[in-house]
Amino acid sequence: MSSGIYSFFTTLSPRNLSLVFTRMRGLTNYHLSCCVNSLLQTLSATCEITDLLERWDVAGVRGDGRNVPLHLKRALAAMRADVPQPAPHCDFLHCLDQNCFRLNVQHDADEVFFSILNFIQQQMDDKALAQEIQNLYKISVETYLQCLECNSVQTRTSYMLSLPLYVKEDHNSLEGCMNSFFEHQELRGINCCFCVQCETKKPSKQGIKLLSLPRILCMNLKRFRNRCGFTRKLDCMVTFPETFDFSKTLKEVFSADFAQNECKYTLYAVVVHSGYAMCGHYTAYVRHRENKRWYYADDSHVEQVFDSHEHPQTSWEKVQTAYGGRNTAYMLMYRRDSEEEGRQPELFG
């Protein structure tokens, strides 16, 4: 290394030095696209999806403007290019527009996320690969209905692609929201259900148990309320951890058939909503897939986040500002830790 180059690197601050070696590309806000921009940043940080899309051979795929997974693959590839300009993603936005997610209209991030996953299932010609992508998010559950008189139980298996967690108009914790989601409900009076054993309607209780957890666990904090045709947003506090372990905090929600050993998860992306229900803005905190540090993406503006002393090792403090208030976490993306799937990186981001 020449003395001039050595001098250049040694005089850089930690903030600038990280940007020399690793760069995240922003996305221009094109026709109210902040919702899609934030989701693209979380998908770009989901290396499992980008790797699967890279395996997809698109040589025989029609290059029309309606194929969402094709344009998603191209947009995510462009976002990985190490250049300073915002990544081109207009083709992906126009593709969504042709699939009924119109430009110049504000959309709900949770709804767009589910639709992208559904478009992948419907429009990819490699169905096995499309299924692998869906399996990344698939939460297998067992719903049960138990008669409170004869104790007979009826069960049914199904799956979800995220956990919809109801937020109370008060201080909440992620663990508390999940406990409320899995808590059983008693059905009495006009809500009594038919019991096959008793052959008549009886008081019962119903609930959900976990059969298996996915590699990527998505949670949607249900902050929006609709009353008398008016939608409002709850800015109340919802605390969430950087890591959590189902087997320690929520073991009682497991079905008897639950057989996974690894239940520990680490947060890697947060979709943030600011403003009001009908007039808001989306941004995202994402942990970079290579240097594992947290970045804040606000459309074309992307920056590494630091604490008040500019230490990247403690930038988790900045992510915690999304607990509630002006900028509130709306979707949380956690990745399961597993020795088989790769050792979890140290939490210095």
Side-chain angles (χ1 to χ4, degrees), residues 38 41-42 45-46 48 109-110 113 136-137 139 160 162-168 170-183 210 212-223 234-254 258 260-273 283-289 291-297 304-308 311-339 341-349:
S38 298
Q41 293 290 1
T42 69
T46 310
E48 295 84 353
D110 186 50
F113 171 72
L136 288 173
Y137 297 92
I139 308 163
M160 301 178 291
S162 80
L163 288 180
L165 302 179
Y166 186 84
V167 174
K168 301 175 184 177
D170 197 356
H171 184 96
N172 302 258
S173 68
L174 186 66
E175 182 180 343
C177 290
M178 286 192 286
N179 273 319
S180 296
F181 177 79
F182 287 103
E183 187 177 23
L210 281 171
S212 68
L213 287 165
R215 171 68 166 150
I216 305 298
L217 181 58
C218 174
M219 305 186 197
N220 176 221
L221 303 178
K222 310 294 284 186
R223 291 183 173 274
L234 303 182
D235 290 328
C236 51
M237 186 78 70
V238 182
T239 59
F240 49 88
E242 194 171 12
T243 64
F244 74 92
D245 190 340
F246 265 93
S247 64
K248 294 181 179 179
T249 59
L250 295 164
K251 191 173 183 178
E252 65 278 3
V253 307
F254 293 160
F258 189 91
Q260 287 177 227
N261 293 322
E262 296 291 344
C263 302
K264 186 177 180 181
Y265 283 81
T266 300
L267 185 71
Y268 75 94
V270 182
V271 174
V272 177
H273 184 275
T283 56
Y285 287 102
V286 295
R287 188 191 295 275
H288 196 281
R289 59 186 290 173
N291 67 19
K292 310 305 178 188
R293 292 177 177 173
W294 283 102
Y295 288 77
Y296 181 63
Q304 186 178 336
V305 294
F306 297 80
D307 72 353
S308 57
H311 291 159
Q313 289 79 6
T314 54
S315 60
W316 168 239
E317 294 178 9
K318 288 289 187 180
V319 183
Q320 290 173 300
T321 62
Y323 283 169
R326 181 176 177 273
N327 300 313
T328 51
Y330 184 55
M331 294 177 68
L332 305 173
M333 301 288 185
Y334 283 86
R335 175 178 285 110
R336 187 175 64 205
D337 305 347
S338 172
E339 292 183 359
E341 294 162 331
R343 296 292 299 174
Q344 173 62 27
E346 295 181 10
L347 298 180
F348 58 87

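Heads up: numbering here begins at 1 and tracks the sequence. Side-chain atoms are counted along with the backbone in the values below, which use heavy atoms only and exclude waters and symmetry mates.
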Please evaluate residues Tyr295 and Ser315 with respect to the criterion side chain to side chain donor-acceptor pair (under 3.5 Å), reporting the C-alpha separation (whole Å), side-chain torsions for both, the decisive distance (0.1 Å), and the verdict. CA-CA 9 Å; Tyr295 288 77; Ser315 60; over 6 Å; no
Do [X] and [Y] come within less than 4.5 Å of each other through their side chains, counting heavy atoms only?
| X | Y | result |
| --- | --- | --- |
| Met331 | Asn220 | yes |
| Thr42 | Phe113 | no |
| Asn327 | Thr321 | no |
| Met178 | Leu165 | yes |
| Met237 | His171 | yes |
| Glu262 | Leu213 | no |
| Leu210 | Phe182 | yes |
| Ser212 | Gln260 | yes |

Hey, could you give me the [atom1]/[atom2] distance between [X] and [Y], rounded to the nearest 0.5 Å?
| X | Y | atom1 | atom2 | answer |
| --- | --- | --- | --- | --- |
| Arg287 | Met333 | CZ | CE | 15.0 Å |
| Tyr166 | Leu234 | OH | CG | 7.5 Å |
| Arg223 | Cys236 | CZ | SG | 5.5 Å |

Test log, rule side chain to side chain contact (heavy atoms under 4.5 Å, CB included), inputs Tyr334 and Leu174: CA-CA 12 Å; Tyr334 283 86; Leu174 186 66; 3.6 Å; yes
Tell me, please, which residues at least two apart from Asp235 pass side-chain contact (heavy atoms from CB on, under 4.5 Å). Lys233, Thr328
Closest non-hydrogen atom pair between Cys263 and Ser247, with its separation: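 Shortest heavy-atom separation between Cys263 and Ser247 comes out as CB-N, 3.8 Å.
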Tyr285 and its ring pair (Phe, Tyr, Trp, His ring centres under 6.0 Å) partner, picked from Tyr330, Trp316, Tyr296: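 For Tyr285, the ring pair (Phe, Tyr, Trp, His ring centres under 6.0 Å) test succeeds with only one of Tyr330, Trp316, Tyr296, which is Tyr296.
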